[in-house]
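The structure appears below as structure tokens.
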Amino acid sequence: MFLTLLAILLLGTYFFRLWRAEAALAIPWTPPPDARLFSQRPLPAPIEASFLPSTVALKETDSVSGYVLPLKTQGRNIVDQAGKRFKLSSVNWYGASDELFIPGGLDIQHRSTIAKTIKKLGFNSVRMPYSDEMVVKNPTILPHLLAENQDLIGQRALDVFVACVEALTDEGIAVIVNDHITTATWCCGADPCDASWSNDWLPGVVCKVRQTEEDWIDNWETVMGRLIKNELVIGADLRNEVRGVWGTMPWDRWASAAEKAGNRLLRMKKDWLIIVGGTESGNDLTGVRRRPVSLEVEDRVVYSAHVYSWSGWGSLEGRYSKRTYPSFVGAMRKNWAYLVEGDVAPVWIGEFGAPDEPGRGDANYWENLMKYLKSIDADFGYWAINPRKPKENEKETYSLVEDDWVTPVLDYRMKDMTELMRIGHE
């Protein structure tokens, strides 16, 4: 009886401490004075030298703004043909991978206005996600979703997607296309149908959209075929957050599939960068050390990692929101940063983000991440520009603009990313 009571007491104490530690992470965080000062000043002008020439300029000359296309990889960097680094300072513009099948905001602003907003914020590149269901169904978009893009009314999802890409590249913003999810919905949940690039191993009645590996590659060829003449479409991010069922995806299996898809795309156009994300929902690139991705065209592989406050949840040291800086850096170096610090290959942090009103846990994660990304002058892609999620028009707390898609949210996030963008340009 005594031992039973003691065990109950110890368990109760453990769970109470766990609850108290979790509660502490949610305590509201007060931004430091420099972040508050940043919010009171005008947004710094974008660094023109960080942008590729617009598609309009490319019609007149092959070399503008000092960059000679196409891009390639060189050690840890993405460079132009003259060896000049092109640092990816990116933001995600989502929606085409979700239930409405189109990038967000087209009912609020013209796509060219959204592109100008992104450039004003200083981002020189955009990650554009799509779903395989969007490609397969390619539905006609409902008119009210295109209220501020009347010229697109009556067009299908792929037409709208291409028009948004062209609006970006007309502003000199490079585009990386991303196959985000199989079924058109918010990513990523526990649905095994969307856990990897194919799901044909599951019973046919399980998945709303059934897809083989060949279907996945065919969809890629369909999308990139529409963009093949656009020189500022610089790459293909082959699949978002590959994980398998409960994190069981072997790196070797994913690497082989990435090679097959990457080579097929490079046979269409050898200039594209092929972006390969890590397993474990984008966190883990440790397998590259022993089994790198190898393509038929050299100097085209860029790896990608996703880093969020909840990442690291299965480890002994816990989620990144809890980590000390040395612990956080140790995880980064183990998972992906050894490729950058060792000058082996480029790694693009293709997704990360934090809310506009963070708790102490989110703030701790953000401060550690920004300190480290600045220290290695990293390529990055923030999630996301969108002020609203497509389904039920829910507020996106990670947004960098207000609901008008024009007014910037000038807070601690834009302060740090503005500083990160400017490293190497001042």
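If you read the sequence from its start, that first residue is 1, and numbering goes on from there.
In summary, Asp151 and Arg111 engage in a salt bridge, as defined by a charged side-chain N under 4.0 Å from a carboxylate O. The pair Glu221-Arg264 counts as a salt bridge, with a side-chain nitrogen and a carboxylate oxygen less than 4.0 angstrom apart. A salt bridge does not link Arg210 to Asp215: none of the charged nitrogens lies less than 4.0 Å from a carboxylate oxygen. Here Asp343 does not pair with Arg76 in a salt bridge; the nearest charged N to carboxylate O distance is not below 4.0 Å. A salt bridge is defined here as a Lys NZ or Arg NE, NH1 or NH2 lying under 4.0 Å from an Asp or Glu carboxylate O, and Asp416 with Lys374 meets this definition. Ion pairing between a basic and an acidic side chain is recognised when a charged N comes within 4.0 Å of a carboxylate O; Glu419 and Lys415 show such pairing. Note on Glu296 versus Lys270: no salt bridge recorded, every NZ/NE/NH1/NH2 to OD/OE distance being 4.0 Å or above.
Using a 3.5 Å distance cut-off with no hydrogens or angles, the side chains of Glu367 and Tyr372 do not pair a donor with an acceptor. For the residue pair Asp284/Thr286, the side-chain donor-acceptor check at 3.5 Å is satisfied. Between the side chains of Ser321 and Asn364, not a single donor N or O lies within less than 3.5 Å of an accepting N or O. Thr279 and Arg253 form no side-chain donor-acceptor contact under 3.5 Å, judged by distance and modelled atom types alone. Looking at Arg239 and Ser198, their side chains never bring a donor and an acceptor atom within 3.5 Å of each other. A side-chain donor from one of Ser309 and Asp362 sits under 3.5 Å from a side-chain acceptor of the other. Between the side chains of Ser131 and Ser97, no donor-acceptor pair of N or O atoms lies under 3.5 Å.
One finds the CZ atom of Arg156 at 10.0 Å from the CG atom of Leu158 (value rounded to the nearest 0.5 Å). For the atom pair CD (Glu351) and OH (Tyr94), the distance works out to 10.5 Å, reported to the nearest 0.5 Å. In this structure, OH in Tyr303 is found 7.0 Å from CG in Leu339, a value given to the nearest 0.5 Å. To the nearest 0.5 Å, the span separating NZ on Lys208 from OG1 on Thr182 amounts to 12.0 Å. Here the NE2 atom belonging to His180 is positioned 6.5 Å from the CD atom belonging to Glu241, to the nearest 0.5 angstrom. Annotation: the span from Ile176 atom CD1 to Ile234 atom CD1 amounts to 4.5 Å, rounded to 0.5 Å.
The aromatic rings of His306 and Tyr308 lie perpendicular to each other, with more than 60° between the two planes, well past the 30° mark. In this structure, Phe352 and Trp366 have tilted ring planes: the angle between them lies in the 30° to 60° band.
Asp80 places none of its side-chain heavy atoms less than 4.5 Å from the side chain of Leu69. Side-chain contact check for Trp220 versus Val177: some heavy-atom pair is nearer than 4.5 Å. Taking the side chain as every heavy atom from C-beta outward, Trp93 and Leu168 approach each other to under 4.5 Å. For the pair Thr73/Glu298, no side-chain contact is recorded, criterion being any heavy-atom separation below 4.5 Å from C-beta on. Here the side chains of Leu106 and Cys164 are in contact, with some heavy-atom distance below 4.5 Å. You'll find the side chain of Ile108 stays beyond 4.5 Å of the side chain of Asp403, heavy atoms only. With contacts defined as side-chain heavy-atom distances shorter than 4.5 Å, the pair Asn240/Cys188 qualifies. At a threshold of 4.5 Å between non-hydrogen side-chain atoms, the residues Pro192 and Leu202 count as touching.
A donor-acceptor distance shorter than 3.5 angstrom exists from the side chain of Arg36 to the backbone of Pro31, with no hydrogens or angles considered. Within the 3.5 Å criterion, the main-chain N or O of Met414 finds no donor-acceptor partner in the side chain of Tyr382. Judged by distance alone, with hydrogens and angles left aside, the side-chain atoms of Asn199 form a donor-acceptor pair with the main-chain N or O of Cys193 at under 3.5 Å. The backbone N or O of Ser294 sits less than 3.5 Å from a side-chain atom of Glu259, completing a donor-acceptor pair. Using modelled atom types, no side-chain atom of Ser39 and backbone atom of Asp411 make a donor-acceptor pair closer than 3.5 Å. A donor-acceptor pair is defined here as one N or O able to donate and one able to accept, closer than 3.5 Å; such a pair exists between the side chain of Thr222 and the backbone of Asp218. Judged by distance alone, with hydrogens and angles left aside, the side-chain atoms of Glu396 form a donor-acceptor pair with the main-chain N or O of Tyr398 at under 3.5 Å. Between the side chain of Arg413 and the backbone N or O of Ser399, at least one donor-acceptor pair lies under 3.5 Å. Using modelled atom types, no side-chain atom of Asp159 and backbone atom of Gln155 make a donor-acceptor pair closer than 3.5 Å.
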Could you give me the CA-CA distance, side-chain angles and deciding distance for Thr397 and Glu357, then say whether side-chain hydrogen bond (donor to acceptor under 3.5 Å, both in side chains) is met?
CA-CA 8 Å; Thr397 61; Glu357 297 181 358; over 6 Å; no
Candidate pair Phe51 and Ile173, rule side chain to side chain contact (heavy atoms under 4.5 Å, CB included), full reasoning
CA-CA 7 Å; Phe51 287 82; Ile173 299 171; 4.2 Å; yes
So Val126 and Val165, side chain to side chain contact (heavy atoms under 4.5 Å, CB included) or not? Walk me through it.
CA-CA 9 Å; Val126 167; Val165 170; over 6 Å; no
From CA spacing to verdict: side chain to side chain contact (heavy atoms under 4.5 Å, CB included), Thr117, Val401:
CA-CA 9 Å; Thr117 296; Val401 293; 3.8 Å; yes
Intermediate values then yes/no, side-chain hydrogen bond (donor to acceptor under 3.5 Å, both in side chains), Thr169 and Asn230
CA-CA 8 Å; Thr169 60; Asn230 192 326; 3.0 Å; yes
Please test Tyr365 against Trp310 for ring-ring contact (aromatic ring centres under 6.0 Å, His included), starting from the C-alpha separation and ending with a verdict.
CA-CA 9 Å; Tyr365 144 81; Trp310 58 84; 7.9 Å; no
What do the steps show when you test Asp179 against Trp216 for side-chain hydrogen bond (donor to acceptor under 3.5 Å, both in side chains), and what is the final call?
CA-CA 9 Å; Asp179 175 47; Trp216 169 62; 3.0 Å; yes
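For Phe328 and Tyr320, the ring centers sit closer than 6.0 Å to each other.
With Phe101 as the aromatic partner, Lys137 does not meet the cation-pi criteria of under 6.0 angstrom to the ring centre and within 45 degrees of the ring axis. Figure legend: cation-pi geometry between Arg289 and Tyr338, with NZ or CZ positioned under 6.0 Å from the six-membered ring centre and within 45° of its axis. Cation-pi geometry between Lys391 and Trp186 is not met at under 6.0 angstrom from the ring centre and within 45 degrees of the axis.
Of the residues Asn219, Thr183, Asp194, the one that meets the side chain to side chain donor-acceptor pair (under 3.5 Å) test with Gln211 is Asn219. Evaluated for a side chain to side chain donor-acceptor pair (under 3.5 Å) with Glu171, the options Lys119, Lys120, Lys116 yield exactly one hit, Lys116. Checking Arg127, Arg85, Lys87 one by one against Asp379, the salt bridge (Lys or Arg N to Asp or Glu O under 4.0 Å) holds for a single residue, Arg85.
Around atom CZ of Arg290, more than 12 heavy atoms belonging to other residues, nucleotides or ligands sit under 6.0 Å away. More than 12 heavy-atom neighbours from other residues, nucleotides or ligands sit within 6.0 angstrom of CD on Gln150.
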